Amino acid sequence: MRAQLARTDAVLVQALIAAALSFAHLHDVASAAGQDGWKAWAYPVSVDLLLVVAWRRLRSGPTKAAAWCWFVIALAASLGANVATAGLLDMTDVPAWLRILVAGWPAVAFLGGTLLAHSAPTATADNAAEVIENIEDQEATPEPAQPAPTPAPEQPAVSVPPVPAALVEHARKVAAEHHTRTGAPIDTPTLRARLGVPAHMADAIAAQL
């Protein structure tokens, strides 16, 4: 336990040092590019926020391409400031292209943060499992009892509820993986076992594959 805590503390200290240095370097570059006062301090906050949003999307989001793109952009801005302040850039004579990049960064960061934080989520296997659970709960609702003197009416045939599109898409992925692994199309019993759905639901899904 103590060894694990020591490793965690070391990582935390390294993260704090890296964040503080990167924050200061970004501030220095922004200040040298003509963004003085509070504006120079806002630039490192903007870069770090975009890094955090992109990292959270990488860890929990369904799509990774956009998250990787914006993560690399924010990381390049942070690393670029670190390298520029290491003596490779004359802070008293900043080139025009760097001034343009610094001036345009807030709009770029706003676009990236908006796309990452407010894009519509796609269907996942967890969504499909939730849909299945809701359908099974509806099917498990008992029918009201008929009075004793009255003969029970003939029960209508059980109708297959419409299959959600998210569940069909997940079933296609399962079927494709089975075909790649075995070389044969997936059969209905195997599909039912993999998805954990009732028999009539498995038949309905198999008909759409």
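Excluded from the calculations below are hydrogen atoms, water molecules and symmetry mates; all remaining heavy atoms, backbone and side chain alike, are included. Only a predicted model underlies this, so the values are computations on that prediction, with no experimental measurement involved.
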Open item on the list: Applying a strict under-4.5 Å side-chain criterion to I, L, V, M, F, W and Y, I'd like to know whether F110 and V72 cluster together.
Closed with: no
Task: Residue pair G113 / V53: nearest heavy atoms and the distance that separates them - done: O-CG1, 4.5 Å
- [ ] Not counting sequence neighbours, which residues clear side chain to side chain donor-acceptor pair (under 3.5 Å) with S78? List them please.
- [x] S22
- [ ] Taking salt bridge (charged side-chain N to carboxylate O under 4.0 Å, His left out) as the test, write out the residues that go with D93, two or more places apart.
- [x] none
Task: Summary of side chain to side chain donor-acceptor pair (under 3.5 Å) pairs that have at least one residue in residues 94-113, sequence neighbours excluded - done: S46-W105
- [ ] Indicate if I100 and L111 have the same hydrophobic cluster label, given that clusters are the connected sets of ILVMFWY residues with side-chain heavy-atom separations under 4.5 angstrom.
- [x] no
Task: Salt bridge E177-R181, side-chain N to carboxylate O under 4.0 Å - done: yes
Task: Heavy-atom donor-acceptor pair, T85 side chain to A81 backbone, under 3.5 Å - done: yes
Task: Side-chain (R57) to main-chain (A67) donor-acceptor, under 3.5 angstrom - done: no
- [ ] Can you see which heavy atom on V102 is nearest to which on A30, and at what distance?
- [x] CG1-CA, 4.2 Å
Open item on the list: Quick check: closest heavy atoms across A32 and V94, and the distance to 0.1 Å?
Closed with: O-CG2, 3.3 Å
- [ ] Show your working on side-chain contact (heavy atoms from CB on, under 4.5 Å) between Q35 and Y43 and close with a plain yes or no.
- [x] CA-CA 9 Å; Q35 307 296 326; Y43 275 84; 3.6 Å; yes
Open item on the list: My understanding is that only residues two or more places apart in sequence, or in another chain, count here; which of them pass salt bridge (charged side-chain N to carboxylate O under 4.0 Å, His left out) with E169?
Closed with: R172
Open item on the list: For a quick test of reading the model, state the closest non-hydrogen atom pair linking L50 to G112 and the distance between them.
Closed with: CD1-C, 3.9 Å
- [ ] Determine which pairs satisfy salt bridge (Lys or Arg N to Asp or Glu O under 4.0 Å) with at least one residue from residues 22-37, sequence neighbours left out, and list them in order.
- [x] D36-K39
- [ ] List in chain and number order the residues that pass side chain to side chain contact (heavy atoms under 4.5 Å, CB included) with D187, two or more places apart in sequence or in another chain; answer none if no residue qualifies.
- [x] P189, T190
Open item on the list: Evaluate W70 against V108 for side-chain contact (heavy atoms from CB on, under 4.5 Å), listing each step before the verdict.
Closed with: CA-CA 10 Å; W70 289 106; V108 174; 3.7 Å; yes
- [ ] Please report the C-alpha distance between N82 and L26 in whole Å, then the side-chain angles of each, then the deciding distance to 0.1 Å, and finally whether the side-chain contact (heavy atoms from CB on, under 4.5 Å) criterion is met.
- [x] CA-CA 7 Å; N82 295 339; L26 284 164; 5.9 Å; no
- [ ] With rounding to the nearest 0.5 Å, note down the distance linking CG in L75 to CH2 in W68.
- [x] 9.5 Å
TODO: Provide the closest heavy-atom pair for P44 versus A40 in the form atom of the first, atom of the second, distance.
DONE: CD-O, 3.1 Å
